[in-house]
Amino acid sequence: MSESRSALTALAIVAAMVGGCEGERLQSMLHPSGPSAERIAELWWVMFSVYSGVFVLTMLALALALRAGRREEPRLGNRFIAVSGIVIPLVILVVMLVYTIRVTAALEPRQTDMIVEVTGHQFWWEVRYPEHGIVTANELHIPVGASVQLNLKAADVIHSFWVPELAQKMDGTTRVHS
């Protein structure tokens, strides 16, 4: 009896913790708030769809092969193995590579409305707005619709910077569209 009560208590605690993660706005790369993030989310969904289809077809082929069992003389020859094991995967990977390169190239903005300097410290981020003389800690404020260039650097540790709703994970100088 006490084991089931402990399990229910643990489940309630986990549910409360997970439920508190969403908050007012869901922070996810799959809920984009800018043009760059929209392109990245689109790329993710295309890759997810294509590779899910490949997985389903592979599992279907495996199920058919297991159901058919061993035969003295195989019906399908080496040509089938070469096409399904080499040619088709190669074509899918090349098409996805070209698509990914095109999406990544389109992430570069044409012009910049504002420059923000972001410095990674060991336990916090320093955000400077040099044009306005403002410095904040751990808060990035970007005008809606503005193209912002983030100049990234690290003071005492190696950092990557990522705002999932706005753009890709960044190292070094890059730009974000908000």
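Every heavy atom of this structure was used, including side-chain atoms; hydrogens, water molecules and symmetry mates were not. Note that the structure is a prediction, hence the values are computed from the model and not measured.
A salt bridge (charged side-chain N to carboxylate O under 4.0 Å, His left out) check over residues 128-143, counting only residues at least two apart or in different chains, returns the pairs Glu126-Arg128.
The hydrophobic cluster containing Met96 also contains Leu93, counting ILVMFWY residues as joined when their side-chain heavy atoms lie under 4.5 angstrom apart, directly or transitively. Under a hydrophobic-cluster definition in which Ile, Leu, Val, Met, Phe, Trp and Tyr are linked whenever side-chain heavy atoms come within less than 4.5 Å, directly or via other members, Val116 and Trp124 are assigned to different clusters. Cluster membership for Val46 and Tyr51, using ILVMFWY side-chain heavy atoms within less than 4.5 angstrom, is shared. Ile115 and Val135 fall into different hydrophobic clusters, where Ile, Leu, Val, Met, Phe, Trp and Tyr side chains are chained together by heavy-atom contacts under 4.5 Å. Val83 and Leu57 are not part of a single hydrophobic cluster, where members link through side-chain heavy atoms under 4.5 Å apart.
Of the possible polar contacts, none joining the Asp113 side chain to the Val148 backbone as a donor-acceptor pair under 3.5 Å is found.
When the salt bridge (charged side-chain N to carboxylate O under 4.0 Å, His left out) test is applied to Arg102, no partner is found at least two apart in sequence or on another chain.
Here the shortest heavy-atom pairing between Leu140 and Ile142 reads CD2-CD1, 3.7 Å. When all heavy atoms are compared, the tightest approach of Ser84 to Pro89 is O-CD, 3.5 Å.
Counting heavy atoms from C-beta on, the side chains of Val103 and Glu42 never come closer than 4.5 Å. With contacts defined as side-chain heavy-atom distances shorter than 4.5 Å, the pair Met114/Tyr129 qualifies.
A distance of 7.0 Å separates CG of Leu152 from CH2 of Trp125, quoted to the nearest 0.5 Å. Expressed to the nearest 0.5 Å, how far CD1 of Ile101 lies from OH of Tyr99 amounts to 13.0 Å. Separating the CG atom in Leu62 from the CG atom in Leu60 is a distance of 9.5 Å, to the nearest 0.5 Å.
The aromatic rings of Trp45 and Phe48 sit perpendicular, their planes meeting at an angle over 60°, well past the 30° parallel limit.
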